[in-house]
Amino acid sequence: MAMRAEYIWIDGTQPIPYVRSKTKIVPDGTTEFPIWGFDGSSTNQAPGDNSDCVLRPVFSCPDPIRGGGDVLVLCDVCLPDGDLTPHPSNTRAACVEAYEKYADQEPIFGIEQEYTFFEGIAPLGWPDNGFPAPQGGYYCGVGSDEIFGREVVNAHLEACIEAGLHISGINAEVMPGQWEFQIGPVAAPLIGDEMWLARWLLYRIAEDYIGPKGMPISATLDPKPVAGDWNGAGCHTNFSTIAMRESFDACVAAAEALGAPGKPELHIANYGPGVELRLTGAHETQRFDQFSFGVSDRGASIRIPWQVEKAGKGYIEDRRPNANVDPYVVSQLIIETVCTAASK
Ligand code: ADP
Ligand code: MN
Ligand code: MN
Ligand code: MN
């Protein structure tokens with residue numbers, strides 16, 4: 001008997017990488033997955049005359065789609081130099097480095113992934129021309145006039161649980177056809193590993209569903225899928241260190257560190273392409289070129305949840321990352337900014 005291992009990796013497409021996968025047949029009972037290769041000239045990771053890239057397995061879990069004993073194997077991309085040197089498109093390696101430097105502060109992350117279903121040219125449930133009723137009843141709504149795609153969302157949730165991911169919830173979002181799932185809290189780089197696997201599962205599961213217009217459903221991480229008076233899609237990143245989980249002052253210090261000179265610009269530049277289209281100052285956002293933090297403030301860059309103020313300890317929420325942000329990059333940057341300041 002043989003097992004099917006779906007090798008999954010992140011490509012080099014700019015400005016937004018795609019997630020790719022292919023199947024390797026391995027002997028039954030395999031737990032240590034071998035390195036493998038692919039054609040980097042087809043993924044914007046290598047030139048045609050020197051096209052080999054290396055897949056290094058970094059995380060595996062049960063495959064909830066194939067079932068049986070089959071597995072998903074997340075990989076990072078390395079150069080074919082025999083030393084497994086990280087490829088320039090490999091953002092996981094720097095995330096591991098940041099985590100190892102500050103592991104003593106025990107940083108953990110919970111990320112809220114917002115996304116939008118499309119059927120053809122319009123968001124799922126929308127007319128091809130014109131608009132649905134304005135925002136108001138869709139967020140956490142119920143009923144076929146408010147909710148579009150719940151079947152796919154539930155199938156994705158089941159798959160994440162079966163895969164053993166730390167999925168902690170789902171909800172319908174403010175814009176119709178828009179949804180959210182949350183992963184965490186877990187340490188880095190696991191938060192990035194699980195986020196990328198959950199994204200792959202979302203795309204893969206949506207393949208199997210047809211919308212009311214008779215066309216296939218697809219999921220997108222576009223940060224502003226509809227211009228105008230419609231909410232964008234973000235990737236709120238909740239973060240804490242052991243000190244923050246024990247003291248409110250440490251939570252405030254973390255928010256201040258994120259606002260230190262130069263830091264807002266550095267973070268915004270790495271929080272996903274099109275971040276300035278979403279962070280307009282409207283629709284529960286702070287402007288991309290302004291920084292603020294506050295308790296319960298959904299119009300701030302950083303929100304300190306009210307429970308955290310009440311308990312006098314907990315975590316903070318960075319509301320700025322776009323839905324299309326790389327979770328390895330956002331976790332690496334937050335660790336470096338906050339943990340470096342805290343260790344001074
Ligand atoms: P909201 O929509 O109100 O912003 P959610 O419930 O969607 O909140 O997300 C809150 C997130 O906070 C969850 O993903 C959870 O994992 C995360 N979280 C909770 N406690 C901590 C903590 N101590 N450190 C880091 N993240 C945390
Ligand atoms: Mn949320
Ligand atoms: Mn949300
Ligand atoms: Mn949030």
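Note that this is a predicted model, so its numbers are computed, not measured. First listed ligand is number 1; within each ligand, the first listed atom is number 1. Numbers here are sequence positions counted from 1.
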Side chains of Pro88 and Leu79: closer than 4.5 Å at any heavy-atom pair?
yes
Looking at the Mn ion (ligand 4), which N/O/S atom of Glu317 is the nearest one?
OE2
If a pair satisfies side chain to side chain donor-acceptor pair (under 3.5 Å) and one of its residues is in residues 240-265, list it, with sequence neighbours excluded.
Ser240-Arg245
Do we get Lys22 above Trp36's six-membered ring, with its NZ or CZ under 6.0 Å from the centre and within 45° of the axis?
yes
Heavy-atom check, side chain of Val77 versus side chain of Val54, under 4.5 Å
no
Under the criterion salt bridge (Lys or Arg N to Asp or Glu O under 4.0 Å), I'd like the reasoning laid out for Glu6 against Arg66: C-alpha separation, chi angles, the key distance, then a yes or no.
CA-CA 10 Å; Glu6 191 72 9; Arg66 289 193 170 122; 3.0 Å; yes
The single option from His236, Glu317, Glu284 passing side-chain hydrogen bond (donor to acceptor under 3.5 Å, both in side chains) against Arg303
Glu317
Contact residues of ligand 1 (heavy atom under 4.0 Å), by chain and number:
Ile108, Gly110, Glu112, Ser168, Glu180, Gln182, Gly184, Pro185, Asn238, Phe239, Ser240, Arg298, Arg303, Tyr315, Glu317
Show me, pair by pair, the donor-acceptor contacts under 3.5 angstrom made by side chains of residues 192-216, not counting sequence neighbours?
from	atom 1	to	atom 2	distance (Å)
Asp193	OD1	Arg92	NE	2.8
Asp193	OD1	Tyr328	OH	2.5
Asp193	OD2	Arg92	NH2	3.0
Glu194	OE1	His166	N	2.6
Glu194	OE1	His166	ND1	3.3
Glu194	OE2	His166	ND1	2.8
Trp196	NE1	Asp326	OD1	3.4
Arg199	NE	Gln113	OE1	2.8
Arg199	NH1	Val325	O	3.2
Arg199	NH2	Gln113	OE1	2.9
Arg199	NH2	Ala323	O	3.1
Arg199	NH2	Val325	O	2.8
Trp200	NE1	Ser21	OG	3.4
Arg204	NH1	Glu207	OE1	3.3
Arg204	NH1	Asp208	OD1	3.2
Arg204	NH1	Asp208	OD2	3.3
Lys213	NZ	Trp126	O	2.8
Lys213	NZ	Asp128	OD1	2.9

Worked verdict on Phe33 versus Arg56 for side-chain contact (heavy atoms from CB on, under 4.5 Å)
CA-CA 9 Å; Phe33 297 94; Arg56 168 173 59 183; over 6 Å; no
Would you confirm whether Gln286, through its side chain, and Phe291, through its main-chain N or O, come within 3.5 Å as a donor-acceptor pair?
no
Within a distance under 2.8 Å of the Mn ion (ligand 3), the protein atoms of type N, O or S are Glu114 OE2, Glu173 OE2, Glu180 OE1
Plane angle bin for Phe38 and Trp9 - parallel if under 30°, tilted between 30 and 60°, otherwise perpendicular:
tilted
